[in-house]
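Please read the structure below before turning to the comments.
Predicted, not measured: the structure shown is a model, and the values here were computed from it.
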Amino acid sequence: MSASAEPRVTGLETRSIDYVPLDERHGKLWHLGPLWFMSNAQIATLAVGLISITGGGNLLWSLLAIVAGTLVGTFFMAFHSAQGPQLGLPQMIQSRPQFGYVGALLVWLFAYVQYAGFNVFNTILAGQALHATLHGGVKLWVLVVTVLGLVVALVGYDVIHKAERFLTYTFLVVFGIFTVGVLVNLHYPAGSFDPGGFRWTPFLAQFGVVAGYQISWAIYVSDYSRYLPPDVTVRKTFYWTYAGSALGGIWLMVLGSLLAAWAGRDFDTIRSIDAAGDTVFTGFGAVVLLFAALGLVSVTALNMYGGSLTLISGIDSFRKVRPTLTVRLVTLAVTAALSLGGALAATSHFLRDFNDFLLLVLYLFIPWTAVNLMDYYVVRRGHYAVAEIFDPHGVYGRWGVQGIVSYLAGFAAMVPFFSVGTLFVGPAAKALGGADISLFVGLPVSALLYWWLTRSLDVAAERRLAEAEADELDRAAHEHREP
């Protein structure tokens, strides 16, 4: 089936964690570019670029750390994207072959916390932006943004893709003008671009947070590529995802670093954007904030959509779920309510510690991404018995000992290298002056251990089983039930 084929599904999306049959595959590969560009090109990402500046680093090395961290973190994230068209499944359900039918709950819990945490931050930021421009109170706008995100997430996959394409084109105009203004009109402290101002600790802190932020997208990517036909290549899927995400991430994080260096101790995300925008012409700061709020609505919808899929996956581990529109609606509503409650109850303390939240995300998902990618690209080489993923007594078992052990070992190996602000600094990080290199420890430990533990897997038998179950898998999908 061609990647340019017209969709055969209309209206509200009904599919959730179930397999997408071939006659429902649709979309164009290049659509992944604007989707992942706009997912990153929103002002919550801007906050990720502040770490080095606030930690005493100079602007030049902060920018280099942002670029390097984005290029490294996006590399792993983009490889997950290719799993969607080949398996026709959302991202987190794919953890069952590595962690087991029940064991995958370990990573699903962490994923759900991530979705909720990011949405608390996103909706507060959007509420502040709208209050600064339209007034009415932050909490009112938090509610409005949450409801709009819920509606977009409910309509589902196709409208999310279309919205992100529209926002991308508008972003290039609005933020293109804004970025020129930041580069031309703002003035930065002396020594900002001095190569001699290099310091390891803020450089690695910035690198680690950026890489973690990019890797944190790994739990989303197959959700938005799973409707593509399986004949799209891994290479092109990787390129479109990588280019979109890296460009959007670098752009906004660099803006964050520039604004933080310019504003100094007076930096505030909303006020600084408004003030910098007004250097272009009076009132342009408000235009930037209004558009930024739309971007935050879109990423709020992405988090609700992914949170719903993760919640359904978790429920399915205890009780078989028939993937229907009603199930999607209920789990979306629960996810929206939780994030709304968190946003309304959040204090400035939460916003101040967003950096620590990003580091925790990095720590939790580094071992998972290592195990998942090693399994997909090296151990099983993209071949899975998809029907068995939905069978609690299937070949993947209830507990994937190899995956769980590899995950825990990688996480344990990272602990001495953790450097989480004032919360915890491991002995190895202390010896390095507070620098955090846990990323470079957890990835190889988990990946290599998983490879070693799975050497005896009978992958050929799994392939034969997948071929035997293919017809039933497709039939079950059309009946909106698990195989």
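Classification of R463 and E388 as a salt-bridged pair fails, no side-chain N sitting under 4.0 Å from a carboxylate O.
Of the possible polar contacts, one joining the T454 side chain to the Y450 backbone as a donor-acceptor pair under 3.5 Å is found. Between the side chain of D436 and the backbone N or O of A205, no donor-acceptor pair lies under 3.5 Å. In this structure, the side chain of Y305 does not engage the main chain of L332 through any donor-acceptor pair within 3.5 Å. No donor-acceptor distance shorter than 3.5 angstrom exists from the side chain of R15 to the backbone of P323, with no hydrogens or angles considered. Judged by distance alone, with hydrogens and angles left aside, the side-chain atoms of Q91 form a donor-acceptor pair with the main-chain N or O of S222 at under 3.5 Å. For R25 (side chain) and V20 (main-chain N/O), a donor-acceptor pair under 3.5 Å exists by modelled atom type. For the pair H26 (side chain) and E24 (backbone), a donor-acceptor distance under 3.5 Å is present. At distances below 3.5 Å, not a single donor-acceptor pair connects side-chain atoms of R319 with backbone N or O atoms of D316. No donor-acceptor pair under 3.5 Å is formed between the side chain of T335 and the backbone N or O of M304. For the pair R328 (side chain) and A153 (backbone), a donor-acceptor distance under 3.5 Å is present.
Taking CG of L344 as the start and OG1 of T123 as the end, the distance is 7.5 Å to the nearest 0.5 Å. Summarising the geometry, atom CD1 belonging to I51 is positioned 6.0 Å from atom CD belonging to Q206; distances are rounded to the nearest 0.5 Å. Taken from CE in M38 to CG in L172, the straight-line distance is 9.0 Å, to the nearest 0.5 Å. The distance from the CD1 atom of I389 to the OG atom of S95 is 9.5 Å, given to the nearest 0.5 Å. Atom CD of residue Q114 and atom CD1 of residue I219 lie 3.5 Å apart, to the nearest 0.5 angstrom. Rounding to the nearest 0.5 angstrom, the gap separating the NE2 atom in H383 from the CZ atom in R464 is 13.0 Å.
Of all non-hydrogen atoms in P90 and L309, the two that sit nearest each other are CB-CD1, 3.8 Å. The two residues I270 and L125 make their nearest non-hydrogen contact at CD1-O, 3.9 Å. The two atoms that bring I17 and S313 nearest to each other are CG2-OG, 3.3 Å, heavy atoms only. Taking all atoms of both residues into account, the shortest heavy-atom contact from P97 to D375 is CB-OD2, 4.3 Å. Summarising the geometry of L443 relative to I366, their closest heavy-atom pair is N-CG2, 3.6 Å, with the distance given to 0.1 Å. Considering all non-hydrogen atoms of both residues, G382 and L87 come closest at O-CD2, 4.1 Å.
Contact annotation: the side chain of V221 never approaches that of Q83 to less than 4.5 Å [non-hydrogen atoms, C-beta and beyond]. Residues S216 and F118 are in side-chain contact: their nearest non-hydrogen atoms beyond the backbone lie under 4.5 Å apart. S339 is not listed as a side-chain neighbour of N303, based on a closest heavy-atom distance of 4.5 Å or more. Residues T170 and F175 fail the side-chain proximity criterion, which asks for heavy atoms closer than 4.5 Å. Taking 4.5 Å as the limit, some side-chain heavy atom of S257 sits within range of a side-chain heavy atom of I66. Contact of the S317 side chain with the R398 side chain is not registered, since no non-hydrogen atoms from C-beta on lie closer than 4.5 Å. No side-chain heavy atom of L46 sits less than 4.5 Å from a side-chain heavy atom of M253. Between L439 and I215, some side-chain heavy-atom pair lies under the 4.5 Å cut-off.
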Query raised in the report: After noting the C-alpha distance and the side-chain angles of N372 and Q98, does the key distance pass the side-chain hydrogen bond (donor to acceptor under 3.5 Å, both in side chains) rule?
Result: CA-CA 7 Å; N372 185 266; Q98 301 99 51; 2.9 Å; yes

**Report entry** Step-by-step side-chain contact (heavy atoms from CB on, under 4.5 Å) determination, W452 to Q402
**Finding:** CA-CA 9 Å; W452 186 76; Q402 299 101 323; over 6 Å; no

Report task. Show the numbers, then the answer: is there a ring pair (Phe, Tyr, Trp, His ring centres under 6.0 Å) between Y242 and F75? Result -> CA-CA 7 Å; Y242 189 96; F75 179 83; 7.1 Å; no

Query raised in the report: Should Y213 and T45 be marked as a side-chain hydrogen bond (donor to acceptor under 3.5 Å, both in side chains) after you check the CA-CA gap, both sets of side-chain angles, and the distance that decides it?
Result: CA-CA 8 Å; Y213 187 74; T45 304; 2.8 Å; yes

**Report entry** Worked verdict on F440 versus F207 for ring pair (Phe, Tyr, Trp, His ring centres under 6.0 Å)
**Finding:** CA-CA 12 Å; F440 303 104; F207 177 92; 5.7 Å; yes

Query raised in the report: Stepwise, does the ring pair (Phe, Tyr, Trp, His ring centres under 6.0 Å) test hold for Y220 with Y115?
Result: CA-CA 10 Å; Y220 299 67; Y115 289 126; 5.0 Å; yes

Query - Criterion side-chain hydrogen bond (donor to acceptor under 3.5 Å, both in side chains) on Y224 and E164, from CA distance to verdict - result: CA-CA 12 Å; Y224 300 100; E164 298 290 48; over 6 Å; no

Report task. Show your reasoning for whether ring pair (Phe, Tyr, Trp, His ring centres under 6.0 Å) applies to Y101 and Y396. Result -> CA-CA 7 Å; Y101 193 89; Y396 300 120; over 10 Å; no

**Report entry** Stepwise side-chain contact (heavy atoms from CB on, under 4.5 Å) check, S225 with L228
**Finding:** CA-CA 6 Å; S225 63; L228 288 171; 4.2 Å; yes

Requested in this report: In sequence, state the C-alpha distance, the side-chain angles, and the governing distance for L134 and W141, and then conclude on side-chain contact (heavy atoms from CB on, under 4.5 Å).
Outcome: CA-CA 10 Å; L134 302 178; W141 289 114; 3.9 Å; yes

Requested in this report: Could you walk me through whether W240 and W36 pass side-chain contact (heavy atoms from CB on, under 4.5 Å), step by step?
Outcome: CA-CA 9 Å; W240 278 111; W36 291 114; over 6 Å; no

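At a cut-off of 3.5 Å, with distance as the only test, a side-chain donor of S245 or Q214 sits close to an acceptor on the other residue.
Evaluated for a side chain to side chain donor-acceptor pair (under 3.5 Å) with W217, the options T241, T74, N40 yield exactly one hit, N40.
A perpendicular orientation is assigned to the rings of F171 and F37, their planes being inclined by more than 60° (bins at 30° and 60°). Using bins of under 30°, 30° to 60° and over 60° for the plane-to-plane angle, the ring pair Y227/Y157 lands in the tilted bin. Aromatic ring pairs are classed by plane angle as parallel below 30°, tilted from 30° to 60° and perpendicular above 60°; the pair Y376 and Y384 is parallel. Under the 30°/60° scheme for interplanar angles, the aromatic rings of F411 and Y407 are found to lie parallel.
Within a 6.0 Å radius of CZ in F166, no more than 12 heavy atoms belonging to other residues, nucleotides or ligands are found.
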